[in-house]
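Worksheet for the structure shown next.
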Amino acid sequence: MEKTEKNSLLIVDDDTSNLLQLANILQPEYTIYAAKDGSSALKTAEKSMPDLILLDVIMPDMNGFEVFAELQKSSRTKTIPVIFITGLRGSEDEEKGLALGAADYISKPFNSAIVKLRVRNQIKLINLQRDLEYAVTEARAANNAKSNFLANMSHEIRTPMNVIIGLTELMLDDEIPAADSKDYLIKIDAAGNTLMGLINDVLDISKIESGKFTLAPVKYDIAEFLGDIITLNTIRIYDKPITFKLNAEGNLLRFLFGDDLRLKQIINNLLSNAFKYTPAGTVTLDVKNEREGENGVRLNISVSDTGIGIRSEDMDKLFKDYNQVDMQANRSIQGTGLGLPIVKGLAELMGGDVFVESEYGTGTKFSVSMLHGFVGDETIGTDTAEALCAFRYDDGKKKSARKLARPNLEYKNVLVVDDFPTNLDVAKGLLGKYKMHVDGVASGQEAIGKIKLGNPFYDAIFMDHMMPGMDGVETTQFIRAVGTDYARTVPIIALTANAVAENEKMFLDNGFQAFLSKPINTEKLDAVIRKWIMKDSERPDTIVETKKQEEGITVIIPGVNSVLGLSIYDDDYEMYIDILKSFAEDVPAEIDKLENLSEQSLRGYAIDVHTLKGVTASIGAKELSERAKNLEALAKSGDIEAVRLQHDKFVADMKILTADVAGWLESVDK
């Protein structure tokens, strides 16, 4: 550690001439503090925290030994080394001082050379000790960063693996509809690209650090390139209230000569960060190029977001390996910490650099400049640019057959909790093979809301571990604390991509009944279902098929798309009616929670309106669900005035909808 300031000394002596003499000897090299008595010395030491104290032994009122004893009593000053100074010739005082813990002794009259050498030796020891402490702290920090990196990497790899293996497993069955098959292929392809990117990150940072990284430039089509970027990153948004924009104009050169794979890596890393650190708002990708010299093209890429921003003190950590900034605030956000160091390393290899602008709480903009080779004057044109900015692209292919004999459990209801929609697709699809009725929610708060409603009663809950806000362990503890026998005993099975040793015991100790790691193994899932969902008394060989919609009865409720609502439950009319009854009975209390709107209640308001977003969607009230979604985003952003503008009308319309649902149910019962 390089010192940028002079070390400081406190000289204590009741003789002014001694103070002046020592100050003259030492002042050019050190910052000097002075005191003429014991009590002043103690106050100065507490306030200034000098690196070393030169303390006279013989002083009126309080001698040097007594001052030393008081220094030792204070937690702040007890570690400051002390050199005793005295004019006494006897060895007894020197022995006493050294026995008390003094660092050294200086005799009067002062010899300038000896004083300098004794003080300098002590200061060297002090600085060496500090350097050692700093090195230990840095080593621990680096070790912790790498440990966090390994844990995060385990999670990051297993998440796309869960998608690939889970959706592939679903596609191995012959019953998969063609539309779902295509959707699954797109998601498998995206997950495969994500996994490939993670593996490449680890390899690339090693090569960049060792100076062995080489680029592989080729001629590539910028329009196709941007189409691939869009396809992958629209999936990354998940269900977050984020608007993703591409700004590209028709004058972009169509063909460039450069390493398109590494360029894609740069852009994907920047976009991934933008989506992670933007809870709600806008992420914008700007692409421009300009000729540079006879054979060069300068490609300028920027990714800007309206997210949480970066603290000024964290800016210097951005491009350090294995680091994620503001870890306490962002503990729920996953990542390896390699993305930005790789971006910088690759940009520099491409003859460019990375620039960052950020305001904490407002947003961040990363700009990357890279040099490419010139191929020709052809541009992408206005039509292609407009098509790209409208987000259009696609691909996929594969098939096989393998089956697991599954029991018919259409009389069972299960809840899946996972913040990643594709993981919900996987879990719901796998569980759906048992013909169970599967509900999915994207947060712990939603899961708790479902359990509190108690309609339907779930036979089991499959709970993701790492979720933003409230994680799976916290959610399970909340569910267990609801107080009903149902909440205390419903089986909860942990789903996690963080497959670290001892995790299973941790889950079992925190209210879970079982543990499944991602990617989900279908045989292990089957074993869990047979143990925790199928009871011995509930194993009939055949189940009578639940009757479909009763003839002559149509659901007609203003504001409700009953076709959409029924489709959520595979056109199971009775199940849909049960959901409508639950809605009519339980939603009024949820609406009442919104009445006390204030700046202080915005966080709770966001959670409550989030619940209403889900329950309105669950009956097919799409328009109100969208309004609830918008209110939730505004509440999370802290925009109380915008919430107030929409609040009264939303609450009124929710009450009307609830009354209409209840009225229709009454008309059917008559």
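Throughout, residue positions are numbered sequentially from 1 according to the sequence presented.
- Residues passing the ring pair (Phe, Tyr, Trp, His ring centres under 6.0 Å) test with Phe244, sequence neighbours excluded: Phe275, Phe391.
- Here the CE atom belonging to Met315 is positioned 7.5 Å from the OG1 atom belonging to Thr364, to the nearest 0.5 angstrom.
- The two residues Val368 and Ala347 make their nearest non-hydrogen contact at CG1-CB, 3.8 Å.
- Inter-residue side-chain proximity for Tyr30 and Ile123 is flagged as met; some heavy-atom pair is nearer than 4.5 Å.
- The nearest pair of heavy atoms linking Leu52 to Gln122 is CD2-CB, 4.0 Å.
- Contact of the Asn510 side chain with the Thr476 side chain is not registered, since no non-hydrogen atoms from C-beta on lie closer than 4.5 Å.
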Check step by step if side chain to side chain contact (heavy atoms under 4.5 Å, CB included) holds for Met370 and Arg262.
CA-CA 11 Å; Met370 293 149 292; Arg262 299 313 174 189; over 6 Å; no
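- In this structure, Met467 and Gly472 approach most closely via the heavy-atom pair CE-N, 3.9 Å.
- Counting heavy atoms from C-beta on, the side chains of Pro279 and Ile308 come closer than 4.5 Å.
- Surrounding NZ of Lys365 are at most 12 heavy atoms belonging to other residues, nucleotides or ligands under 6.0 Å away.
- Classified by interplanar angle (parallel below 30°, tilted 30° to 60°, perpendicular above 60°), the ring pair Phe84/Tyr105 is tilted.
- Checked for salt-bridge contact, Lys116 and Glu29 miss the test: no charged N lies under 4.0 Å from a carboxylate O.
- For the pair Thr44 (side chain) and Ser40 (backbone), a donor-acceptor distance under 3.5 Å is present.
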Atom pairs and distances, donor-acceptor, side-chain atoms in residues 596-605, under 3.5 Å, two or more places apart:
residue : atom : partner : partner atom : Å
Ser598  : OG   : Gln600  : N            : 3.4
Ser598  : OG   : Ser601  : N            : 3.2
Ser598  : OG   : Ser601  : OG           : 3.3
Ser601  : OG   : Asn596  : O            : 3.1
Ser601  : OG   : Ser598  : N            : 2.9
Ser601  : OG   : Ser598  : O            : 3.1
Tyr605  : OH   : His647  : ND1          : 2.9

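- Between the side chain of Glu70 and the backbone N or O of Val67, no donor-acceptor pair lies under 3.5 Å.
- Using a 4.5 Å cut-off on side-chain heavy atoms (C-beta onward), Pro81 and Ile126 make contact.
- Smallest separation of non-hydrogen atoms from Gly363 and Ser358: O-OG, 3.1 Å.
- In this structure, a donor-acceptor pair under 3.5 Å is absent between the side chains of Gln477 and Arg480.
- Note that CG of Asn300 and CZ of Phe355 are 9.5 Å apart. Values are rounded to the nearest 0.5 Å.
- Partners of Phe110 according to the ring pair (Phe, Tyr, Trp, His ring centres under 6.0 Å) rule, which considers only residues two or more places apart in sequence or in another chain, do not exist here.
- Inter-residue side-chain proximity for Leu340 and Leu270 is flagged as met; some heavy-atom pair is nearer than 4.5 Å.
- When all heavy atoms of Leu9 and Pro50 are compared, the closest pair comes out as C-CB, 4.1 Å.
- Salt bridge annotation for Lys344-Asp353: present, with a cationic side-chain nitrogen under 4.0 angstrom from a carboxylate oxygen.
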Take Glu133 and Arg130 through the test salt bridge (charged side-chain N to carboxylate O under 4.0 Å, His left out) and record every step on the way to the result.
CA-CA 5 Å; Glu133 289 171 353; Arg130 286 179 180 167; over 6 Å; no
Take Ser8 and Thr31 through the test side-chain hydrogen bond (donor to acceptor under 3.5 Å, both in side chains) and record every step on the way to the result.
CA-CA 4 Å; Ser8 58; Thr31 299; over 6 Å; no
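- Distance alone, capped at 3.5 Å, places no donor-acceptor pair between the Thr86 side chain and the Val57 backbone.
- The pair Asp13-Lys108 meets the salt-bridge criterion, since a charged nitrogen lies less than 4.0 angstrom from a carboxylate oxygen.
- For the atom pair CG (Leu261) and CG (Asn268), the distance works out to 11.0 Å, reported to the nearest 0.5 Å.
- Scanning both residues, Ile492 and Gly511, for their nearest heavy atoms gives CB-O, 4.5 Å.
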How far apart are the C-alpha atoms of Gln21 and Ser17, what are their side-chain angles, what is the distance that settles it, and do they pass the side chain to side chain contact (heavy atoms under 4.5 Å, CB included) test?
CA-CA 6 Å; Gln21 187 180 0; Ser17 63; over 6 Å; no
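- Distance check, rounded to the nearest 0.5 Å: CD of Gln445 to OG1 of Thr475 gives 7.0 Å.
- Contact check for Lys288 versus Leu299: no side-chain heavy atoms found under the 4.5 Å cut-off.
- For the pair Val303 and Leu285, the minimum side-chain heavy-atom distance is below 4.5 Å.
- Between the side chains of Asn18 and Asp56, no donor N or O sits under 3.5 Å from an acceptor N or O.
- Interatomic distance, Asp104 CG to Ile85 CD1, rounded to the nearest 0.5 Å: 12.0 Å.
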Pair His372-Asn289, side chain to side chain contact (heavy atoms under 4.5 Å, CB included): steps then yes or no
CA-CA 9 Å; His372 277 56; Asn289 60 34; over 6 Å; no
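- In this structure, the side chains of Lys264 and Ile229 come closer than 4.5 Å at one or more pairs of heavy atoms.
- Looking at Ile80, Leu42, Thr79 one by one, the single match for side-chain contact (heavy atoms from CB on, under 4.5 Å) with Leu71 turns out to be Leu42.
- Here Ile267 contributes atom CD1 and Ile301 contributes atom CD1; the two are 4.0 Å apart, rounded to the nearest 0.5 Å.
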In sequence, state the C-alpha distance, the side-chain angles, and the governing distance for Leu371 and Met350, and then conclude on side chain to side chain contact (heavy atoms under 4.5 Å, CB included).
CA-CA 6 Å; Leu371 189 62; Met350 293 183 184; over 6 Å; no
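- A salt bridge does not link Lys43 to Glu46: none of the charged side-chain nitrogens sits closer than 4.0 Å to a carboxylate oxygen.
- Side-chain atoms of Asp464 never come within 3.5 Å of backbone atoms of Val417 as a donor-acceptor pair (strictly under, hydrogens ignored).
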